[in-house]
Protein chains: 2
Amino acid sequence: MAMNQQGGTAPDVAEVTGVPTEVDALSAVAGLLHALSDPNRLAILEHLALGEHRVVDLTAHLGLAQSTVSKHLACLRDCGLVVSRPSGRASMISLAQPELTHAVLAATVRLLDVTSGPCGAA
Amino acid sequence: MAMNQQGGTAPDVAEVTGVPTEVDALSAVAGLLHALSDPNRLAILEHLALGEHRVVDLTAHLGLAQSTVSKHLACLRDCGLVVSRPSGRASMISLAQPELTHAVLAATVRLLDVTSGPCGAA
DNA sequence: CTGATTCATCGCCATATGACGATGTAATCA
DNA sequence: TGATTACATCGTCATATGGCGATGAATCAG
């Protein structure tokens, strides 16, 4: 049973990693990551990093149908990644947690830089 | 609509956020995040955080079919998240980038903690 | 009031994905 | 040698997902 490599007194995975182990918690994390695992949604988040934007602006920027963008925004809103502030007949969309969201993406870029680098590049 | 980015004087989204803006780069990031957006794959990564494991061990741990686990591992291997070291007739699987991978998950947990908290909890 | 704009939602469709069992290959054991 | 174990791959199926257009509600312009 070579399973306590962390030394100490039988460390729990969650305590070592700081990431939950239960299925529910993992599903929650996976759900949030799933919301981030779409290029168009990432483009939306990036665009929102510059400030508030209307849906129609995001639609024009992405070159997608308005319904598609609206659905993506609903996804991001469900995950609490963006918030919408009604302004007249428009909706001003903005990042709910700019710094934390950026932290996840930055960490992912760093990881991507290492994982994809040694495989194909020098 | 203020969209002067690539000028060199005005700040580019990528420079502000540190996250690429091109579709290819976004797709790459999205692909990596997609690999992380599955509860079972997250469970695999967490389990591997404790050290090397055989496929059959992961299979027993997850309670999934061997083919399913193998496919998940293939996904993770394609993304460069895990590496496999042949050992006899078994394959020892381990994290390729434990710290960077953990950094992404930790940042996601932090984000989840904020996004899911204020919505339903106090 | 009438028309235009903005956004959310619904229905639909093509594709992607996760699950499984079955099969093939390589390595270990009797 | 033959049998068993460990793993990867293939084929299949049910479901999820992203895309679009159409529709409806709300707001603003005239």
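Lettering follows sequence order; numbering is per chain, from 1. It should be emphasised that the depicted structure is a prediction, and the values quoted were computed from it without experimental measurement.
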In whole Å, I'd like the distance from the [atom1] atom of [X] to the [atom2] atom of [N].
X: A/L73; N: C/dT6; atom1: CG; atom2: C1'; result: 13 Å
X: B/I44; N: C/dG18; atom1: CD1; atom2: P; result: 11 Å
X: A/L76; N: D/dT17; atom1: CG; atom2: P; result: 14 Å
X: A/M92; N: C/dA8; atom1: CE; atom2: P; result: 13 Å

Quick one: list whatever passes side-chain contact (heavy atoms from CB on, under 4.5 Å) with [X], sequence neighbours left out.
X: B/A60; answer: none
X: A/V56; answer: A/R54
X: B/T59; answer: B/V55, B/Q66, B/V69

query = For nucleotides 18-30 of chain D, read 5' to 3', which letter fits each nucleotide if B means a protein heavy atom sits under 4.0 Å from the base, S means only the sugar-phosphate is that close, and - means neither?
reply = SBBBB----BS--
Throw together a table of side-chain donor-acceptor distances under 3.5 angstrom for residues 26-44 of chain A, partners on residues two or more places apart or in other chains.
unit_1, atom_1, unit_2, atom_2, d
A/S27, OG, A/V23, O, 2.9
A/S37, OG, A/H34, O, 2.6
A/D38, OD2, A/N40, N, 2.9
A/D38, OD2, A/R41, N, 3.1
A/R41, NE, A/A35, O, 2.7
A/R41, NH1, A/H72, ND1, 3.2
A/R41, NH2, A/H34, O, 3.3

ask   = Between B/R77 and D/dA8, does any side-chain N or O lie under 4.0 Å from OP1 or OP2?
value =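 True: B/R77 side-chain N/O within range (under 4.0 Å) of D/dA8 OP1/OP2.
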task = May I ask you to verify if any side-chain N or O of A/R54 is less than 4.0 angstrom from the OP1 or OP2 atom of C/dC7?
result =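 Checking A/R54 against C/dC7: no side-chain N or O falls below 4.0 Å of OP1 or OP2.
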query = Is the shortest heavy-atom distance from the side chain of A/L73 to the side chain of A/S84 under 4.5 Å?
reply =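 Sidechains of A/S84 and A/L73: no contact.
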message = Tell me which pairs pass salt bridge (charged side-chain N to carboxylate O under 4.0 Å, His left out) where either residue lies in residues 81-99 of chain A, with sequence neighbours left out.
response =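 Found A/E52-A/R85.
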